[in-house]
Number of protein chains: 2
Amino acid sequence: MNWQPNRSLPLSLSKQIVQWMTEQIESGEWPIGTKLPPQRKLALSFGVNRSTLQEAIDELKANGLLSSKTGSATYVSNDSWNVLVKQKQTNWQQYIEASIHKSNFQTIQLINEFEQDDSVIRLGTGELNPLLLPSAAIHASLSGLDLDGKTIGYSSPQGSLSLRQAICSYVQKRGIVTSPENICIVSGALQALQLISVGLLETGSFVLQDRFSYLNSIHTFQSFGMHLYGLSEHQYTLDMIQRIRRNRQAILYTIPTLHNPTGNCMTIQQKKELYALCESAQLPIIEDDVYCELLFDEEPTPAMKAFDQTGGVLYIGSVSKTLSPGLRIGWVIASTPVIQRLADIKMQMDYGSSAISQQIVEHWLRTGLYERHIEQLKIELQRRAELMDSLLQQHFQAIASWEKPKGGFYIWIKFHEPIVTTDLFMQLLKNKVLINPGYIYAANDAHHIRLSFAYGSDAELEQGIEILYQQIQTNKHR
Amino acid sequence: MNWQPNRSLPLSLSKQIVQWMTEQIESGEWPIGTKLPPQRKLALSFGVNRSTLQEAIDELKANGLLSSKTGSATYVSNDSWNVLVKQKQTNWQQYIEASIHKSNFQTIQLINEFEQDDSVIRLGTGELNPLLLPSAAIHASLSGLDLDGKTIGYSSPQGSLSLRQAICSYVQKRGIVTSPENICIVSGALQALQLISVGLLETGSFVLQDRFSYLNSIHTFQSFGMHLYGLSEHQYTLDMIQRIRRNRQAILYTIPTLHNPTGNCMTIQQKKELYALCESAQLPIIEDDVYCELLFDEEPTPAMKAFDQTGGVLYIGSVSKTLSPGLRIGWVIASTPVIQRLADIKMQMDYGSSAISQQIVEHWLRTGLYERHIEQLKIELQRRAELMDSLLQQHFQAIASWEKPKGGFYIWIKFHEPIVTTDLFMQLLKNKVLINPGYIYAANDAHHIRLSFAYGSDAELEQGIEILYQQIQTNKHR
Ligand SMILES: Cc1ncc(COP(=O)(O)O)c(C=O)c1O
Ligand SMILES: Cc1ncc(COP(=O)(O)O)c(C=O)c1O
């Protein structure tokens, strides 16, 4: 052996011995069972102290590469090859644990996973049933798209100009007067929240919102060090807002129409009051309006963005809840510096949204296909809402309360007793029923379930509600 | 006046007076020119000290809402309405400056902006000319897509299974044997880098790479507190790597085939050595392979991923440089825990990539349209590469050196003198020529330009190179 550790390396002598011996075993120079020379001799040949050598050998024994039989002799262990194979695998878990972004909540990961399983009844899914998506009509419309080399190249930072123009016309019915410069196309409303999080807020900012809220089910803000603060009704006052945020940066998140998960709709008066409150608190607003077109019997009242005089409202829309979530197209409407900032970050994240998806949405908006489809869709959603309501009346009148939905996808049912636990969630999953428990929208809640009438077939909704009822009965009698 | 500040509010008395007086002016109670009562009287009526009142009045004067003529009398200023309108505008600049993500480099922002201007000759663009994108063939292929309600719903976390299957077959020619569980679909290679940044690395990690590198032109890692470290050739040793990273987490980024910006291709031997080095340094590798299919005359050597035994290689592919960047489809191939992690983060960022784009890419891969298109494309790119090379020979032989491109989009030209400055960039921009200067790929470089033969028409390339030559001549004689 004529190798010696190198004293000028930044690695300790004993670590270098460990590395070298590992290489001898790995390369086959020292096959399994090889007996090492006596330690005195080895130390001499390496030019190191006995204690340094001992340290290296101890580490290799601890790793399972070397072993000692009785007496002092040291051998290459029988298990050394297995150990080597395992050792060499990159330890990704260590990387993942130290990294920046939070993992999805366990329950949400389970939901994502079991939503892939066709044998599961999805009683909570925030998505239209595949049969309600106009896939054939979208397919048919593809030949009408205007694809040339420019449209399928890299996008301009804010997204397709002609789509932004179409959105300008479309949002007029929300009372919003805007121009293409004030619009940024995003890959769904979720990405809009992501861009706002890293592009407009500093670490430590407060995001104020309702106690129950969609935001609580995602980590978009928390992953970058922002705090979500759930306001109860009486906390919507200037005084309270100032106390909560103290001198910190803050923003308010609100879903004024067909709130997720509660289904609430604010009146125009309530919107005006909230806007005025935020204006005097100098608190910008994220107005998430993705369900606005799904009111069954009324016209939606104008968006808060419609009376924004100060540029404080960031308005978010999307086609996910109406036309198709797979298109991944949404939009943000805001003042010019905000749009330029969000567009700049979007360019840095994914260089823009799918050009074909943008073309499809533009086509559907311009030709009126979009509005006609929504009219049909609402009729079917309303029928489903009534079915769900009557199923609930059959089973839950004595133990829960809920409101008849005004639109959208959800019934937010409140059980009198705190029975909506992780246990209930898991029991139902075993019975192949997937619910969205209230605790994903407000930590510690055990009273609510967000039931969706948008996804399951009639038979699945019936069967799912029946299983839910049975499970609750079983638990009661335990 | 019967208003008084409220001592139990968290706001100081003088601030409350400022707010109240602002409201009086805003509401029209105090029109422009209104003379305020004497300060003694006001202080008394508010129940505050003269000094508190003075403080409030000073602030309102500084803001421009109040003004004093000679003597002590105070008036609502003539300009107060303008001031109010401005004051109320949300100060987004403040939000933007404090927020997390970095802005794009000034030069890159300018490039993004001027790439929208059709009168500009784009000598640096990393994108195919619109005429080289098969837009008509893509349009024609749309009718062959298999769209149903399930495919256009929300995506499964890793993306379309059938696309992942098609990618498995496709990457076999890169020597990669993998399965759909080890693939995550992303919205372009850029998003893959984004996901790796926030999903696998901790703040303070080192990203090791070549001195000149695409990564230096984006902020994907730096925005989240990671350090880019450019290695020169002799620094690719175990010793150096350990010295640089010390005990910190690190990852290596490499573009082994048709490097951006240098155009370099590693031999199989070099790939193996780099892989072995990273393995002994326990340094995972990001292998960015987006240009691999664009070698003109040779078959590309197998990807580094092909000899990955330890799960340490994260392989990235994309159709942006071949089929269409507007589709926004790329993929990551890696070990299972990594893929699950990236998919989980992707779900939290945008709920998946465009379903239609995924369908198109799958269709093009499966039917062989993709490979046939690339064969055609390479012929045209090679013709353009030769044109560009001969243009450079006409003008720059005495003052610069470069290699004849083996493929891809770029010629990485090195001027003997350090002439590639921001001044040169701006002068060319005035003359409507856009270049990618070397300093966006390595700070402080003033010797290189990344010239692209992929974007401009023949005439534009000729004219652009001529203008570049003239500008350099002019600068020399100044
Ligand atoms: C209130 C709300 N905002 C945003 C989103 C995200 O929608 P998109 O698919 O457009 O990203 C959802 C979807 O669940 C939602 O319920
Ligand atoms: C080396 C390299 N990687 C990644 C990308 C990003 O490609 P994509 O459009 O797939 O996001 C580019 C594009 O410029 C590139 O040159």
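Being a predicted model, the structure only gives us computed values, none of them experimental. Note on naming: letters A, B, ... go to the chains in the order of the sequence lines (proteins, then strands), and numbering restarts at 1 for each one.
- Taking 4.5 Å as the limit, some side-chain heavy atom of B:K150 sits within range of a side-chain heavy atom of A:D118.
- At distances below 3.5 Å, at least one donor-acceptor pair connects side-chain atoms of B:S324 with backbone N or O atoms of A:I152.
- Looking only at heavy-atom pairs under 4.5 Å with chain A, the residue among B:I329, B:V198, B:T203, B:L195 that has the most is B:V198.
- Residues A:H101 and B:R341 have side chains in contact (heavy-atom distance under 4.5 Å, counting atoms from C-beta outward).
- The backbone N or O of B:G153 sits nowhere less than 3.5 Å from a side-chain atom of A:E127 that would complete a donor-acceptor pair.
- Only the side chain of A:I360 comes within contact range of chain B, with heavy atoms under 4.5 Å apart.
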field: side chain to side chain donor-acceptor pair (under 3.5 Å) between B:S155 and A:R328, intermediate numbers included
entry: CA-CA 10 Å; B:S155 167; A:R328 306 310 305 132; over 6 Å; no

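- At distances below 3.5 Å, at least one donor-acceptor pair connects side-chain atoms of B:T90 with backbone N or O atoms of A:T310.
- Only the backbone of A:S8 comes within less than 4.5 Å of a heavy atom of chain B; no side-chain atom from C-beta onward does.
- Remark: the backbone N or O of A:L142 is paired with a side-chain donor or acceptor of B:H139 at under 3.5 angstrom.
- Contact detail for B:S357 and A:S354: the closest heavy-atom pair is OG-OG, 2.8 Å.
- Nearest heavy atom pair, residue A:G312 against residue B:W92, reads O-CZ2, 3.9 Å.
- The backbone N or O of A:A250 sits less than 3.5 Å from a side-chain atom of B:Y95, completing a donor-acceptor pair.
- Chain A forms more heavy-atom pairs under 4.5 Å with one residue of B:K102, B:Q94, B:Q282 than with any other, namely B:K102.
- To the nearest 0.5 Å, atoms OG (B:S280) and CD (A:Q19) are separated by 7.5 Å.
- A donor-acceptor pair under 3.5 Å is absent between the side-chain atoms of B:D344 and the main chain of A:S103, judged by distance alone.
- Of the residues considered (B:I251, B:I218, B:I345), B:I345 shows the highest number of contacts with chain A, using heavy-atom pairs under 4.5 Å.
- Other residues, nucleotides and ligands place more than 12 heavy atoms under 6.0 Å from the CD atom of A:Q116.
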- request: Quick one: do B:S335 and A:Q89 satisfy side-chain contact (heavy atoms from CB on, under 4.5 Å)? Show the steps, please.
  value: CA-CA 10 Å; B:S335 63; A:Q89 295 303 310; over 6 Å; no

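- In terms of heavy-atom pairs under 4.5 Å with chain A, the best-connected choice from B:G149, B:P130, B:S99 is B:S99.
- Only the backbone of A:Q309 has a heavy atom closer than 4.5 Å to any heavy atom of chain B.
- Contacts of A:Q194 with chain B are made by side-chain atoms alone, with heavy-atom separations under 4.5 Å and no backbone atom involved.
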